[in-house]
Undergrad: 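Pasting a structure below so you can have a look.
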Amino acid sequence: MNDDPTVAALLAAATAARDAVLEFSFLQERREDYLPLEELAQRVQRRVVEAGFAAWRERESPAA
Amino acid sequence: MNSDDITGRALNAAAAAAQEPILEFAQRFDRREGYLPLEELAHDVMRQVLEAGLVVIHEEAQFDPSQQQAALVVIERMVWGDMDDAIRDLEICLRRALEATSADFRTWQDGDFEERFGDEFSLSDAQVEELSSEDRLAYVARLLRSLALHYGVSAEFGDGRDGLVGQAQPNSPAALLRGLDPTTAGHRSPSATMSRTAPARLWIVRSDP
């Protein structure tokens, strides 16, 4: 089923969402950056869509 | 609805769902209630994204109950003794036609047909009528390979002469027809059900004596 572009998009989106939160966690621990959680939520939302569509486009037109 | 629409809907649902655990986390943080470690939040977000997206994919891509019922009615009315013979003969004919036109397909590939006509679906009736016998065979060879592609089997057989059409691609008419055959057990792969010793037999394994 991973050959399905929509499923591939969803997997990429889920991974991007997880990574965005982990990145936030890492920065918080090192106190390198402060991001309000509401902004984190928006950032994650944006990354879900961006990463998902990027993966989808890659599957739909691998030569592009 | 095409896959682009489904992907967009799935990602929008996933993006909306991703916010929920973070905002809930923020509220608990503001209220100084107990909250998850951020690593657990990250996995919660990932799970929410997957679940919300899969709900959309499932809703859009699968049969609803009434469609399932309609499909079952069609399947149950089939006379399967005739149907498995028909599917087998269809595949034998396809393979034989592909083999018989391999040289003609090279004529299509080496020729300037696509420059003259566009792709094989673009020829008008009048253009087909004007083709020489040799060019018409090349055109038929091209169509047969498109047929195999859309049916979901490979047109390349190697050196074997065992009567098989290539293995079915997932999500293809060939996979559907082979999967519907009631004499095959469960979800065995086509290669597992094919007899490579009997040229007249394809992938069908009969359960009757």
Side-chain angles (χ1 to χ4, degrees), chain A, chain B residues 1-33 35-62 152 167-172 175 187:
Chain A
M1 195 173 181
N2 292 357
D3 291 338
D4 184 311
T6 303
V7 175
L10 192 56
L11 290 172
T15 304
R18 182 202 60 192
D19 290 349
V21 179
L22 290 176
E23 179 187 318
F24 169 82
S25 170
F26 177 76
L27 293 174
Q28 293 294 302
E29 282 179 14
R30 294 184 53 166
R31 299 182 186 281
E32 289 184 358
D33 190 17
Y34 176 74
L35 186 69
L37 285 163
E38 289 75 9
E39 282 189 35
L40 171 67
Q42 289 177 9
R43 179 183 292 188
V44 168
Q45 186 177 30
R46 198 164 52 243
R47 289 209 186 164
V48 162
V49 174
E50 288 172 355
F53 272 117
W56 182 82
R57 279 193 296 271
E58 193 176 316
R59 292 297 180 107
E60 283 288 291
S61 54
Chain B
M1 180 168 283
N2 62 36
S3 64
D4 192 2
D5 295 330
I6 296 172
T7 304
R9 287 191 49 173
L11 289 176
N12 283 334
Q19 292 198 87
E20 291 173 15
I22 299 173
L23 295 177
E24 185 183 336
F25 180 94
Q27 287 168 0
R28 295 178 71 88
F29 187 83
D30 289 344
R31 291 197 299 261
R32 299 179 188 282
E33 296 175 1
Y35 52 85
L36 293 171
L38 284 167
E39 289 75 13
E40 286 189 33
L41 174 65
H43 286 95
D44 267 2
V45 168
M46 188 178 190
R47 191 170 57 247
Q48 291 272 18
V49 166
L50 284 174
E51 287 178 358
L54 285 172
V55 164
V56 172
I57 291 172
H58 183 77
E59 285 173 353
E60 299 295 346
Q62 303 298 318
Q167 186 163 336
Q169 298 296 315
N171 303 314
S172 67
H187 295 285

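All values below were derived from every heavy atom in this structure, side-chain atoms included, with hydrogens, water molecules and symmetry-related copies excluded. Note that the structure is predicted; figures quoted are calculated from it, not measured. In what follows, every chain begins at residue 1, and chains take the letters A, B, ... in the order their sequences are listed.
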Undergrad: Working to the nearest 0.5 angstrom, can you tell me the gap between Leu11(A) CG and Leu54(B) CG?
TA: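 Answer for the CG-CG pair, Leu11(A) versus Leu54(B), is 8.0 Å.
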Undergrad: In terms of heavy-atom pairs under 4.5 Å, which option from Leu40(A), Asp19(A), Val49(A), Leu37(A) contacts chain B the most?
TA: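 Top option by heavy-atom pairs under 4.5 Å: Leu37(A).
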Undergrad: Considering all heavy atoms of both residues, which atom of Leu11(B) and which atom of Ala13(A) are nearest to each other, and what is their separation?
TA: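 Closest approach of Leu11(B) to Ala13(A), heavy atoms only: CD2-CB, 3.7 Å.
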Undergrad: Could you check if a side-chain atom of Leu22(A) sits within less than 4.5 angstrom of a side-chain atom of Glu39(B), using non-hydrogen atoms only?
TA: yes
Undergrad: Over all heavy atoms of both residues, which pair between Val49(B) and Ala17(A) is shortest? Give the atoms and the distance, please.
TA: CG2-CB, 3.9 Å
Undergrad: Going by side chain to side chain donor-acceptor pair (under 3.5 Å), name the residues that satisfy it together with Arg47(B), two or more places apart in sequence or in a different chain.
TA: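 Expected list: Asp44(B).
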Undergrad: Heavy atoms only: give me the nearest Ala14(B)-Leu10(A) pair and the separation to one decimal.
TA: CB-CD1, 4.0 Å
Undergrad: Side chains of residues 18-26 of chain B: which donor-acceptor partners sit under 3.5 Å, not counting sequence neighbours?
TA:
{"unit_1": "Gln19(B)", "atom_1": "NE2", "unit_2": "Gln45(A)", "atom_2": "OE1", "d": "3.2"}

Undergrad: Which atoms of Val44(A) are under 4.5 Å from chain B, going by heavy atoms: the side chain, the backbone, both sets, or neither?
TA: side chain
Undergrad: Pair Val45(B), Arg18(A) - check side chain to side chain contact (heavy atoms under 4.5 Å, CB included), show working.
TA: CA-CA 6 Å; Val45(B) 168; Arg18(A) 182 202 60 192; over 6 Å; no
